[in-house]
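This chain uses plain numbering: 1 for the first residue, then up along the sequence. Given the structure is predicted, the values throughout are model-derived calculations rather than measurements. Whatever order the structure lists them in is the order used to number ligands and atoms, beginning at 1. Heavy atoms only: backbone and side chains are in, while hydrogens, waters and symmetry mates are out.
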Amino acid sequence: MIPSHVTIIMDGNGRWARKQGEERLFGHSNGVESVRACTEYAVEKGIRYLSLFAFSEENWNRPEAEVSGLMSLMLKSVMDERETFAKNDIRFMVIGNREHIAPELLSKIEMVENETINNKRLTLIIMLSYSGKWDIQRAAELYAKDYAAGCAKDFESYLATAGIPDPDLLIRTSGEQRISNYMLWQTAYTEFYFTETLWPDFRKADFEIALKSYESRDRRYGLIK
Ligand code: IPE
Ligand code: IPE
Ligand code: MG
C-alpha cells in the first residue's frame, strides 16, 4: 500500500557540507534538490500528502547567518517552484508559528498558498518554524476558549495540521533516531523509518527503499490481527 501521508525530517545538511569541506549553507542549498526529487517521486507514486520538516522553533537559536541564509533559500525556493506546482497540480502549504516568520517571506508564502489552493494531486506541506509542543499548547489554548464558550470541537481540529490525515510514514535521514519535537500528537501510530543517508543525498532510490520498508509493516493500532 502506498502511504497517503509521508513526512520527512530532513536532517544532515550541515554534516554533508562539512564532508565536502564546505559551509553549512552549501548543504542546505543541495538539500533543496532532494526536496525537488522527493516531491516529484511523491507525485509519481500517488502519495497525497508530503510534509517536510524544514525548520523547527528551536532552529531559530542557530547563528544568525545560518538562519538568514536558510530563510533566503526558503524564499527563493518558494518562488522558483511555482511553475512546478502549477504543472503538477501541487497544493503548497506552510505549517508552523507564523509569528516568527519575517513579513517578506510570509507574504510570498501566502501568495503561493493562495495560488495553489485548488490543486489536488499532491499537498506539499513545509513545516516551518514548527514544533510539536507549540502545536499542542496552542491547540489547548484554542480548545479552552471554545470550551468556556460552550462550543468546543474535537481536539484535533485545533491542531495546526487540522484537515490533514496523520502521517502513515515518518522518514528521518542522517542516522539520528529521535523525534526532535516534531509532530508529537500526529505520529501516535506512524511507522518510523531511519536511514544513515544525509538529506542532500536522499533521492528517489532512497525514497523507494523507505516505501518498500513501509509496505512490509503490519499496522495493528492496538488490535489483534
Ligand atoms: C537539517 O540539517 C536542516 C535544518 C535543521 C534546518 P542540519 O542543519 O540539522 O544538519 P546537521 O544535522 O547539522 O548535519
Ligand atoms: C530537526 O533537526 C529539525 C529539522 C530537520 C528541520 P535538528 O538538526 O534541528 O534536530 P536535533 O537538534 O539533531 O535534534
Ligand atoms: Mg540536524
query = Which is it for Met10 and ligand 1 at heavy atoms under 4.0 Å: side chain, backbone, both or neither?
reply = backbone

inquiry  = Return the CZ to CZ distance between Phe85 and Arg121, rounded to the nearest 0.5 Å.
reply    = 14.5 Å

query = Hey, does Trp16 come in under 3.5 Å of ligand 1, counting only N/O atoms on both sides?
reply = no

inquiry  = I'd like to know if atom 12 (O) of ligand 2 has any protein heavy atom within a distance of less than 4.0 Å.
reply    = no

query = Once the angle between the rings of Trp60 and Phe55 is folded into 0 to 90°, is it parallel (under 30°), tilted (30 to 60°) or perpendicular (over 60°)?
reply = perpendicular

query = Side-chain contact, heavy-atom cut-off 4.5 Å: Glu115 with Ile117?
reply = no

request  = Could you check atom 10 (O) of ligand 2 against the protein and tell me its nearest heavy-atom contact, residue, atom and distance included?
outcome  = Arg172 NH2, 3.3 Å

ask   = Which residue and non-hydrogen atom of the protein lie closest to atom 6 (C) of ligand 1, and at what distance in Å?
value = Ala54 O, 3.4 Å

inquiry  = Please check whether Asn59 reaches ligand 2 - meaning an N/O of the residue sits under 3.5 Å from an N/O of the ligand, judged on distance alone.
reply    = yes

ask   = Quick one: does Arg178 get a heavy atom under 4.0 Å from ligand 2?
value = yes

key: Gly12 to ligand 1, any heavy atom closer than 4.0 Å   = yes

key: Which segment of Arg24 sits under 4.0 Å of ligand 1 when only heavy atoms are counted   = side chain

Polar contact flag, side-chain donor to acceptor under 3.5 angstrom, His5-Gln186 = no

note = protein heavy-atom neighbour closest to atom 14 (O) of ligand 2 works out as Ser180 OG, 2.6 Å

inquiry  = Looking only at N, O or S atoms in Asp11, which is nearest to the Mg ion (ligand 3)?
reply    = OD1

ask   = What atoms in ligand 1 come closer than 4.0 Å to a heavy atom of Leu70?
value = 6 (C)

ask   = N/O/S atom of Glu176 under 2.8 Å from the Mg ion (ligand 3), yes or no?
value = no

inquiry  = Are any of the N/O atoms on Arg62, whether in the backbone or the side chain, positioned under 3.5 angstrom from an N/O atom of ligand 2?
reply    = yes

message = With a 4.0 Å cut-off on heavy atoms, is Arg15 in contact with ligand 2?
response = no

query = Can a donor-acceptor pair be found between the side chains of Glu57 and Asn97 at a distance below 3.5 Å?
reply = yes

message = Parallel, tilted or perpendicular: which one describes the rings of Phe53 and Tyr130, with boundaries at 30° and 60°?
response = perpendicular

inquiry  = Can you name the atoms of ligand 1, numbered from 1 with element, that are less than 4.0 Å from a heavy atom of His28?
reply    = 3 (C), 8 (O)

ask   = Under 3.5 Å, is there a donor-acceptor pair linking the side chains of Ser180 and Arg172?
value = yes

ask   = With under 30° as parallel and over 60° as perpendicular, where do the rings of Tyr221 and Tyr189 fit, or are they tilted in between?
value = tilted

inquiry  = Hydrogens and angles aside, do Ser56 and Asn59 bring a side-chain donor and acceptor to less than 3.5 Å of each other?
reply    = yes

query = Between Ser68 (side chain) and Glu64 (backbone), is there a donor-acceptor pair under 3.5 Å?
reply = yes

query = Any side-chain donor-acceptor pair under 3.5 Å between Ser34 and Arg203?
reply = yes

remark   = Counting from 1 in the order shown, the ligand 2 atoms closer than 4.0 Å to a non-hydrogen atom of Phe55 are 6 (C)

query = Against heavy atoms of Ile9, which atoms of ligand 2 measure under 4.0 Å?
reply = 5 (C)

